[in-house]
Amino acid sequence: MENINLTDTQWDEVQRLALEDVNRLRLANRGIAGFSDVIDQIECRQRTTRKLHETLLAAPRFRFPSVLSSEQATSDALASFHAQLCTPAQRVLDMTCGLGIDTFHIAQEASCVTALEINPTTAACAAHNASLLGLNNITVLEGDSVEFLNSSQPDSFDAIFIDPARRGSHGRRLFALADCSPDVTAILPQMLTVAPKVIIKASPMLDIKHTLSEISNVSRIIAIGDRHECKELVVICERDISAKEPTIISATITDCEPLDSFSFTFSKEETSHAVISDPKQGQWLHEPFPSVFKTGPFNLLSSRFGLNKIAPNSHLYTSDNAAEHFPGSSHRIIGVFSMSKNDTKALREKCEKADISTRNFPLKPEELLKKIKLKQGGTNRIWATRTASAKTVLILTAPE
């Protein structure tokens with residue numbers, strides 16, 4: 001593999017200039033031998049200081065192969081979740097090593113990991129970083145992962161992890177599994193021959209039901225996100241499926257709280273019914289986390305937690321008492337207002353500033369703020385939505 005080592009002097013410069021503006025550094029040091037590598041390492045650290053905090057703390061001289069690799073890197077939190085899908089005795093094949101964050105976390109759980117990477121520099125950096133992290137159970141191989149897969153014997157591994165590239169020509173974003181590289185829809189039968197379990201990391205933009213029609217042997221689909229967005233879908237395929245239909249799971253990862261999850265099947269959702277009612281002052285308003293929105297258990301949320309939906313398509317819920325273990329945020333309702341002049345005046349008397357969330361509502365948040373003459377910010381939130389009778393309402397809530 002390539003020699004990708006930096007000198008002690010270069011690493012000293014990375015540390016000394018860690019907080020400097022990288023664009024200014026590039027202009028000031030243009031043409032200086034070896035300094036481009038130093039600036040790249042600085043920029044990569046600035047881009048990943050939060051999402052790779054754990055890895056960079058464990059390996060201060062972690063070697064990034066390129067700035068692009070830092071942009072595309074899986075976070076430590078997501079990689080840790082992926083690793084939990086493996087067991088200590090498993091031999092794992094990572095077909096798309098890249099920067100190696102998933103490989104490194106999986107290696108902390110599994111017996112051993114073989115990681116394939118087609119780019120020589122990226123492969124060399126992954127092997128170097130595995131050594132820095134003290135992960136002696138990782139073998140990084142430079143080469144085409146599909147060729148490696150096709151040359152592997154049945155049951156060579158216990159699990160295969162794959163994160164197909166979702167960038168096409170000219171940087172175009174790709175979403176469908178069949179469009180990504182490698183095409184898992186084409187190679188899945190061989191993957192399930194080489195290992196009984198396949199873990200596919202996919203775009204959060206995928207339609208779950210379409211994905212189920214596109215590939216076979218799916219046992220679970222997991223939507224993973226945080227409080228603000230759904231980050232990805234993970235599709236788990238198994239050679240021998242015991243369940244009649246896949247389990248759909250939403251998982252929410254937070255920095256300071258335990259993992260929150262909700263699981264169901266589509267048939268259970270289809271046979272459940274939601275209770276519809278208008279929101280009232282003094283009730284609690286509940287909004288599902290983004291990963292829950294992605295999976296869509298909207299009737300089940302009502303029946304399992306004893307909640308009322310404000311309208312069939314709003315996916316906002318109310319209850320007289322706080323709903324324990326609800327997979328989302330909960331807020332106390334201070335008041336419910338119409339869009340009339342008298343009501344919006346009464347709303348302004350309760351708060352001068354508020355954050356706005358709109359759901360199934362004709363105006364955008366910034367347009368609504370202007371119309372009701374409120375400023376953005378403060379500690380309260382207004383939920384603008386429609387009731388089941390199509391009446392527009394403004395629900396003012398207190399901080400969570």
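For K353, the NZ atom counts as loosely surrounded, since its 6.0 Å shell holds 12 or fewer non-hydrogen atoms of other residues, nucleotides or ligands. K268 NZ: 12 or fewer foreign heavy atoms inside a 6.0 Å radius. Annotation: E20, atom CD; neighbour count of heavy atoms from other residues, nucleotides and ligands within 6.0 Å is above 12. Counting non-hydrogen atoms of neighbouring residues, nucleotides and ligands closer than 6.0 angstrom, the CD atom of Q46 exceeds 12 such neighbours.
Between F298 and F293, the distance separating the two ring centers is shorter than 6.0 angstrom.
Under the side-chain hydrogen bond (donor to acceptor under 3.5 Å, both in side chains) criterion, no residue pair touches residues 130-140, with sequence neighbours excluded. Identified under the salt bridge (Lys or Arg N to Asp or Glu O under 4.0 Å) test for residues 359-371, with sequence neighbours left out: E287-R359. The stretch residues 317-329 participates, sequence neighbours left out, in no salt bridge (Lys or Arg N to Asp or Glu O under 4.0 Å) pair at all. For residues 192-201, the pairs satisfying salt bridge (Lys or Arg N to Asp or Glu O under 4.0 Å) are D163-K201, K201-E232, with sequence neighbours left out. Applying the salt bridge (Lys or Arg N to Asp or Glu O under 4.0 Å) test to residues at least two apart or on different chains, the pairs with a partner in residues 67-84 are R47-E71.
H273 and N299 are not linked by any side-chain donor-acceptor pair at a separation below 3.5 angstrom, with hydrogens and angles left out of the test. H331 and S329 form a side-chain donor-acceptor contact under 3.5 Å, judged by distance and modelled atom types alone. The closest side-chain donor-acceptor pair between D94 and T103 falls under 3.5 angstrom. For the residue pair E238 / S219, a side-chain donor-acceptor distance below 3.5 Å is found, with atom types taken as modelled. S338 and S340 are linked by a side-chain donor-acceptor pair at a separation below 3.5 angstrom, with hydrogens and angles left out of the test. Judged by distance alone, the side chains of S291 and T252 do bring a donor and an acceptor atom under 3.5 Å apart. Counting only N and O atoms by type, the side chains of S314 and R386 include no donor and acceptor under 3.5 Å apart. Side-chain atoms of D355 and Q376 form a donor-acceptor pair, as typed in the model, at a separation below 3.5 Å.
Within the 4.5 Å cutoff, no side-chain heavy atoms of F64 are placed close to those of C125. T318 places none of its side-chain heavy atoms less than 4.5 Å from the side chain of L307. Using a 4.5 Å heavy-atom threshold, the side chains of I395 and L285 count as touching. Residues V92 and I160 fail the side-chain proximity criterion, which asks for heavy atoms closer than 4.5 Å. Side-chain contact between V113 and Q108: absent, with no pair of heavy atoms (C-beta onward) separated by less than 4.5 Å. F62 has its side chain out of reach of L57: every pair of non-hydrogen atoms, C-beta onward, lies at least 4.5 Å apart. The side-chain heavy atoms of V234 and I199, taken from C-beta on, include a pair separated by under 4.5 Å. Between F262 and P297 the shortest side-chain heavy-atom distance falls below 4.5 Å.
Classification of D207 and K294 as a salt-bridged pair fails, no side-chain N sitting under 4.0 Å from a carboxylate O. Using a 4.0 Å cut-off between a side-chain N of Lys or Arg and a carboxylate O of Asp or Glu, R26 and D40 qualify as a salt bridge. Electrostatic pairing of D260 and R227 does not count as a salt bridge here, judged by no charged N lying under 4.0 Å from a carboxylate O. Under a 4.0 Å N-O distance rule, the pair R45/E43 does not qualify as a salt bridge.
The aromatic rings of W284 and H286 lie parallel to each other, with less than 30° between the two planes, well short of the 60° mark. Ring geometry, F157 versus F148: the interplanar angle falls from 30° to 60°, so the pair is classed tilted.
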Margin query: Go through it in stages, so that I can follow the logic: the residues are F161 and V198, the test is side chain to side chain contact (heavy atoms under 4.5 Å, CB included), and I'd like the CA-CA distance, side-chain angles, deciding distance and then a yes or no.
Written below: CA-CA 6 Å; F161 178 86; V198 173; over 6 Å; no
Notebook entry, point to check: Would L78 and S80 satisfy side chain to side chain contact (heavy atoms under 4.5 Å, CB included), going step by step from the backbone distance to the final call?
Noted result: CA-CA 5 Å; L78 286 174; S80 179; over 6 Å; no
Notebook entry, point to check: How far apart are the C-alpha atoms of E269 and T265, what are their side-chain angles, what is the distance that settles it, and do they pass the side chain to side chain contact (heavy atoms under 4.5 Å, CB included) test?
Noted result: CA-CA 6 Å; E269 167 65 13; T265 60; over 6 Å; no
Next item on the list: Before giving the answer on side chain to side chain contact (heavy atoms under 4.5 Å, CB included), spell out for M339 and L368 the whole-Å C-alpha distance, their side-chain angles and the decisive distance to 0.1 Å.
Entry: CA-CA 10 Å; M339 290 289 290; L368 178 59; 3.8 Å; yes
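Between the R91 side chain and the D155 main chain, a donor and an acceptor come within less than 3.5 Å of each other. A donor-acceptor pair under 3.5 Å links the side-chain atoms of S302 to the main chain of V275, judged by distance alone. Judged by distance alone, with hydrogens and angles left aside, the side-chain atoms of R348 form a donor-acceptor pair with the main-chain N or O of I372 at under 3.5 Å. D226 contributes no side-chain N or O that, together with a main-chain N or O of I253, makes up a donor-acceptor pair within less than 3.5 Å. Side-chain N or O atoms of S319 include none that pairs as donor or acceptor with a backbone N or O of A322 at under 3.5 Å. Between the side chain of Q90 and the main chain of A110, no donor-acceptor pair closer than 3.5 Å is present. Between the side chain of Q10 and the backbone N or O of T7, at least one donor-acceptor pair lies under 3.5 Å. A donor-acceptor contact shorter than 3.5 Å is absent between the side chain of T55 and the backbone of L52. A donor-acceptor contact shorter than 3.5 Å links the side chain of K51 to the backbone of A73. The main-chain N or O of L396 is never found under 3.5 Å from a side-chain atom of K350 such that the two would form a donor-acceptor pair.
With rounding to the nearest 0.5 angstrom, the CD1 atom of I310 is 9.5 Å from the CH2 atom of W383. The distance from the CG atom of N380 to the OG1 atom of T397 is 7.0 Å, given to the nearest 0.5 Å. In this structure, CD1 on I187 lies 8.0 Å from CG on N150, to the nearest 0.5 angstrom. Note that the CG atom of L300 and the CZ atom of F305 stand 9.5 Å from one another [nearest 0.5 Å]. Between S261 atom OG and I224 atom CD1 the span is 11.0 Å, to the nearest 0.5 Å. The distance from atom CD1 of I248 to atom CZ of R220, rounded to the nearest 0.5 Å, is 11.0 Å.
Applying the 4.5 Å side-chain rule to ILVMFWY residues, one finds that L27 remains a lone member of its cluster.
Across L177 and D183, no two heavy atoms sit closer than the pair O-OD1, 3.7 Å.
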